[in-house]
Amino acid sequence: MARTLLGTPLWASYLARQQAATTDCEPVRRLAGTEWYLSPYNLYLKALEIELFRRFQVVRPALEIGGGGGETSQHAFAGRLIDVDCEYYVPNLGLNLRRGILYAVTRAHVGGSPYAMPFRSGAFNTVVSIHVFDHLTAVNTALAEIARVLRPGGLLAFTTYAGHLFDGLPVRTLYRRPFWSGYGSLRHDDPDDARGQNMCSLSEWRAYGQLAGLNLIEVRSFTRRDRFLTAMRLEMAGDPRLFRAWYQRVVSQWINEDLTRPPPYADAGNVLLVWQRTAR
């Protein structure tokens with residue numbers, strides 16, 4: 001089957017773009033043709049996530065941890081420059097080099113680990129990470145390493161699940177990935193591909209940060225927990241191509257509403273946390 005660089009069948013990509021032309025939601029139109037566009041809960045998550053990072057001030061030199069395949073970064077940092085992407089999931093590094101997607105916003109890519117990065121201390125003014133912390137099994141080590149490579153006063157911004165998102169769900173609930181990827185578990189601690197990690201309260205996050213010399217200075221909640229879980233269950237129900245037009249209209253409405261009235265943390269499915277490196 002013919003496929004685009006992002007792995008989406010060409011016919012599905014074309015239909016996604018046609019549907020995007022009918023929505024009044026700019027963050028959704030921006031994702032037309034990407035794999036996120038075919039996933040109800042990822043569309044809801046990524047459209048808002050990208051919008052938050054587009055509004056976040058990146059002061060160079062800047063590091064991204066875990067750029068993945070670049071589908072998110074190329075939109076989140078459009079028109080700006082990230083100096084280095086440290087891709088902790090090594091298979092993605094070769095994929096990025098072949099695609100060349102990230103080079104529009106990133107100068108260089110290195111393989112590495114968020115627990116031991118190949119950079120000198122105090123190398124960066126800004127560190128960003130888009131939904132990587134829910135995959136990390138040693139959060140204390142990662143935060144300490146990020147604090148090491150940040151200059152005093154430098155900022156770390158990352159997105160992750162809100163602490164209570166999966167409350168009441170079985171810890172190994174299966175979810176449907178985009179239709180070409182089959183099924184996976186919402187939460188597991190396989191060190192090679194952990195998911196659903198670090199489901200922390202804000203007080204727990206503050207405590208982790210203080211240990212690493214990071215002060216939590218801003219919290220931006222996004223997506224509403226009940227809606228996010230509804231979109232997740234919708235995706236589990238079957239092939240999202242069958243109801244794409246309907247869910248894209250609904251999710252577009254949710255996104256526009258959430259951009260106007262962000263949910264409080266207690267009602268949120270996801271959160272952007274902004275930290276500042278203390279001077280010590």
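For clarity, every value in this text was computed on a predicted model and none was experimentally measured. Throughout, numbering of the chain's residues begins at 1 and tracks the sequence.
Taking 4.5 Å as the limit, every side-chain heavy atom of Arg120 sits out of range of all side-chain heavy atoms of Val149. Glu51 places a side-chain heavy atom less than 4.5 Å from the side chain of Leu259. Put simply, the side chain of Phe158 does not reach to within 4.5 Å of the side chain of Val128, judged on heavy atoms. Contact of the Glu71 side chain with the Lys46 side chain is not registered, since no non-hydrogen atoms from C-beta on lie closer than 4.5 Å. Trp254 has its side chain out of reach of Leu48: every pair of non-hydrogen atoms, C-beta onward, lies at least 4.5 Å apart. Counting heavy atoms from C-beta on, the side chains of Leu214 and Leu216 never come closer than 4.5 Å. In this structure the side chain of Asn125 reaches within 4.5 angstrom of the side chain of Pro61, judged on heavy atoms. No side-chain heavy atom of His75 sits less than 4.5 Å from a side-chain heavy atom of Val105.
With hydrogens and angles disregarded, a donor-acceptor distance shorter than 3.5 Å links the side chain of Arg148 to the backbone of Phe119. The closest donor-acceptor contact from the side chain of Thr223 to the backbone of Asn270 lies under 3.5 Å. A donor-acceptor pair under 3.5 Å is absent between the side-chain atoms of Thr126 and the main chain of Leu155, judged by distance alone. Remark: side-chain polar atoms of Arg195 are not paired, donor with acceptor, to backbone N or O of Arg187 under 3.5 angstrom. Side chain of Asn198 to backbone of Phe133: a donor-acceptor contact under 3.5 angstrom is found. In this structure, His188 contributes its side chain and Ala194 its backbone to no donor-acceptor pair below 3.5 Å. Using a distance-only test at 3.5 Å, with no hydrogens or angles considered, a donor-acceptor pair links the side chain of Gln276 to the main chain of Gly153. A donor-acceptor contact shorter than 3.5 Å is absent between the side chain of Arg224 and the backbone of Pro264. Between the side chain of Gln248 and the main chain of Tyr37, a donor-acceptor pair closer than 3.5 Å is present.
Atoms CG and OG1, from Leu31 and Thr34 in turn, are 4.5 Å apart once rounded to the nearest 0.5 Å. To the nearest 0.5 Å, atoms OG1 (Thr278) and CD (Gln210) are separated by 10.0 Å. Distance CG/Leu45 to OG/Ser39: 8.5 Å, rounded to 0.5 Å. In this structure, CG in Asp189 is found 13.5 Å from NE2 in His135, a value given to the nearest 0.5 Å. Interatomic distance, Phe56 CZ to Thr159 OG1, rounded to the nearest 0.5 Å: 11.5 Å. In this structure, OG on Ser129 lies 7.0 Å from CD on Glu64, to the nearest 0.5 angstrom.
Under a hydrophobic-cluster definition in which Ile, Leu, Val, Met, Phe, Trp and Tyr are linked whenever side-chain heavy atoms come within less than 4.5 Å, directly or via other members, Phe53 and Val59 are assigned to different clusters.
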Check the pair Gln197, Thr160 against side-chain contact (heavy atoms from CB on, under 4.5 Å), reporting the backbone distance first and the verdict last. CA-CA 9 Å; Gln197 304 296 301; Thr160 190; over 6 Å; no

Run Thr72 and Glu49 through side-chain hydrogen bond (donor to acceptor under 3.5 Å, both in side chains) and show every step you take. CA-CA 9 Å; Thr72 306; Glu49 193 167 48; 5.3 Å; no

Show your working on ring-ring contact (aromatic ring centres under 6.0 Å, His included) between His131 and Tyr161 and close with a plain yes or no. CA-CA 8 Å; His131 251 285; Tyr161 291 132; 4.9 Å; yes

Met232 vs Phe166, side-chain contact (heavy atoms from CB on, under 4.5 Å): CA-CA, chis, key distance, verdict: CA-CA 11 Å; Met232 192 173 281; Phe166 293 155; 4.3 Å; yes

Worked verdict on Asp258 versus Asn256 for side-chain contact (heavy atoms from CB on, under 4.5 Å): CA-CA 6 Å; Asp258 288 3; Asn256 282 330; over 6 Å; no

Trace of the side-chain contact (heavy atoms from CB on, under 4.5 Å) decision for Trp246 with Arg249: CA-CA 5 Å; Trp246 175 81; Arg249 283 197 302 272; 4.2 Å; yes

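For Trp36 and Tyr44, the ring centers sit 6.0 Å or farther from each other. When ring centroids are compared, His164 and Tyr265 come within the 6.0 Å threshold.
Between Trp205 and Trp275, the two ring planes are perpendicular [angle over 60°; tilted spans 30° to 60°].
Checked options Leu156, Leu211, Leu136; the residue passing with Leu143 is Leu156 (criterion: side-chain contact (heavy atoms from CB on, under 4.5 Å)).
Asp85 has no carboxylate O lying under 4.0 Å from a charged side-chain N of Arg107, or vice versa, which leaves the two without a salt bridge. Taking 4.0 Å as the cut-off between side-chain N and carboxylate O, Asp83 and Arg60 count as a salt-bridged pair. Between Arg206 and Glu204 there is no salt bridge, since no side-chain nitrogen of the basic residue lies less than 4.0 Å from a carboxylate oxygen of the acidic one.
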